[in-house]
Amino acid sequence: DGSWWHDGAKINRKPLVKFFAGLLRREVDGKYYLVTPEEKWRITVELLPLMVIGLKKSNCSRVPCLDAVLNTDEIVPINSRYKIQQGVGTGGIASIALWNGLSGFFNRSSWYELVNLCDDNFFIHSYGERFKLY
């Protein structure tokens, strides 16, 4: 559900979640780490560390443009850099590739929103790119 936990207690303060998310990296070993200039801690991520909780639709330069709204309040363009992926470490759940090796999964409502925006061939068009939804 996109929750962050520490020592068995849910972190309820959004600014704290945003802070930790800003330190998070997924490294080439496939593991997740919180990295500061002084220290590095390995953490456990059950599915993916971030979650898409909504979409913003607009037109830019006469093409459809979709932005993913993350549970950290960040807005990410769905484009050639931040691509929609299917099943990458998620058991078939759609996700978006992010920075520092991270990904964010689409929650149920944002997934339905995305599906409703597909063309007849199950493609999403955003920022001049096409992404196939399977």
Minimum heavy-atom separation for [X] to [Y], with atom names?
| X | Y | result |
| --- | --- | --- |
| Pro49 | Ser103 | CD-O, 3.4 Å |
| Gly54 | Glu113 | CA-OE1, 4.0 Å |
| Gly128 | Val63 | N-CG2, 4.0 Å |
| Leu48 | Val45 | C-CG1, 3.5 Å |
| Asn107 | Ile53 | ND2-CA, 3.6 Å |

Joint hydrophobic cluster, [X] plus [Y], side-chain heavy atoms closer than 4.5 Å:
| X | Y | value |
| --- | --- | --- |
| Leu55 | Phe122 | no |
| Phe123 | Ile96 | no |
| Leu50 | Ile11 | yes |
| Tyr82 | Ile75 | yes |
| Trp111 | Leu47 | yes |

Looking only at atom types and distance, does a side-chain atom of [X] sit under 3.5 Å from a main-chain N or O of [Y], one as donor and one as acceptor?
| X | Y | value |
| --- | --- | --- |
| Asn79 | Arg81 | yes |
| Asn100 | Leu102 | no |
| Lys18 | Arg13 | no |

Q) Taking only residues two or more places apart in sequence or in another chain, which ones pass disulfide bond (SG atoms under 2.5 Å apart) with Cys118? A) none
Q.
Suppose we screen for side-chain hydrogen bond (donor to acceptor under 3.5 Å, both in side chains). Which residues come up paired with Ser3, at least two apart in sequence or across chains?
A. Asp1
[X] versus [Y]: any side-chain heavy-atom pair under 4.5 Å?
| X | Y | value |
| --- | --- | --- |
| Leu16 | Trp4 | no |
| Val76 | Leu98 | yes |
| Ile43 | Leu24 | yes |

Q. Does atom NZ of Lys132 have more than 12 heavy-atom neighbours, drawn from other residues, nucleotides or ligands, at distances under 6.0 Å?
A. yes
How far does [atom1] of [X] sit from [atom2] of [Y], to the nearest 0.5 angstrom?
| X | Y | atom1 | atom2 | result |
| --- | --- | --- | --- | --- |
| Phe106 | Leu133 | CZ | CG | 8.0 Å |
| Trp5 | Glu46 | CH2 | CD | 9.5 Å |
| Glu39 | Leu34 | CD | CG | 10.5 Å |
| Leu66 | Leu117 | CG | CG | 5.5 Å |
| Arg130 | Ile124 | CZ | CD1 | 11.5 Å |
| Met51 | Ser110 | CE | OG | 8.0 Å |

Q. Residues in side-chain contact (heavy atoms from CB on, under 4.5 Å) with Arg108, at least two apart?
A. Tyr112
(Q) Please enumerate all residues that pass side-chain contact (heavy atoms from CB on, under 4.5 Å) together with Lys83, with sequence neighbours excluded. (A) Phe131
Q) Is the shortest side-chain N to carboxylate O distance from Lys40 to Glu27 below 4.0 Å? A) yes
Q.
Per the disulfide (SG to SG under 2.5 Å) rule, what does the pair list look like for residues 8-82, sequence neighbours excluded?
A. Cys60-Cys65
**Q.** Qualifying side chain to side chain donor-acceptor pair (under 3.5 Å) pairs, either residue in residues 63-74, two or more places apart
**A.** Lys14-Asp73, Asp67-Tyr127, Thr72-Glu74
(Q) Could you check whether Arg25 makes a cation-pi contact with Tyr33, meaning its NZ or CZ is under 6.0 Å from the centre of the six-membered ring and within 45° of the ring axis? (A) no
